[in-house]
Amino acid sequence: MAAIGEQSLRWFSAERVDAAAQAKAEPDLAELVRDYSGLLYRVALSILRNAAEAEDVVQDAFVRVLEQRGKLSAVVEVRPWLVRIAWNLALRPQAAGAAGADG
């Protein structure tokens with residue numbers, strides 16, 4: 001019995017516990033894409049009125065998330081944070097200019 005207990009304690013080492021806590025604190029990027037890409041696309045499309053440009057904005061938004069991944073745990077409300085990123089990207093001059101040239 002003692003060997004099993006010792007083995008269990010090794011499994012719950014400080015590194016494993018820390019890694020599990022960190023993984024739980026940071027949302028998985030694939031999960032964020034699955035949960036919010038449709039919303040971000042609709043936000044971008046409502047501004048740009050161009051499907052291709054809206055798709056680019058969604059991709060750029062998730063690139064920004066990757067770039068800011070270290071700060072993600074400090075974000076209290078992920079949904080409005082992501083929407084604001086997409087909104088700002090859709091309003092940037094090159095996105096607005098490209099949509100205006102097409103429309």
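Hydrophobic clustering (side-chain heavy atoms under 4.5 Å, transitive across Ile, Leu, Val, Met, Phe, Trp, Tyr) groups L39 together with W81. Cluster annotation: V78 is connected to Y41 through the hydrophobic network of ILVMFWY side chains, with a link wherever side-chain heavy atoms come within less than 4.5 Å.
A90 approaches A44 most closely through the heavy-atom pair CB-CA, 4.3 Å.
Taking CG of L91 as the reference point, atom CD1 of I47 lies at 4.5 Å (rounded to 0.5 Å). Rounding to the nearest 0.5 Å gives a distance of 5.5 Å between CZ of F62 and CG of L82. R79 CZ to L32 CG: the interatomic distance, rounded to the nearest 0.5 Å, is 13.5 Å.
For W87, the CH2 atom counts as loosely surrounded, since its 6.0 Å shell holds 12 or fewer non-hydrogen atoms of other residues, nucleotides or ligands. Around CD of E67, the count of heavy atoms belonging to other residues, nucleotides or ligands within 6.0 Å exceeds 12.
Put simply, the side chain of R69 reaches to within 4.5 Å of the side chain of L29, judged on heavy atoms.
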**OP:** Give the C-alpha distance, both sets of side-chain angles, the deciding distance and a yes or no for side chain to side chain contact (heavy atoms under 4.5 Å, CB included) between R64 and L89.
**Re:** CA-CA 10 Å; R64 297 278 172 101; L89 289 171; 3.4 Å; yes
Original post:
Would L45 and V57 satisfy side chain to side chain contact (heavy atoms under 4.5 Å, CB included), going step by step from the backbone distance to the final call?
Top reply: CA-CA 9 Å; L45 187 62; V57 164; over 6 Å; no
Original post:
Taking it one step at a time, do D35 and E31 satisfy side chain to side chain contact (heavy atoms under 4.5 Å, CB included)?
Top reply: CA-CA 6 Å; D35 292 347; E31 184 179 323; 3.6 Å; yes
**OP:** Please test V83 against Y36 for side chain to side chain contact (heavy atoms under 4.5 Å, CB included), starting from the C-alpha separation and ending with a verdict.
**Re:** CA-CA 9 Å; V83 168; Y36 296 107; over 6 Å; no
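Classification of R92 and D60 as a salt-bridged pair holds, one side-chain N sitting under 4.0 Å from a carboxylate O.
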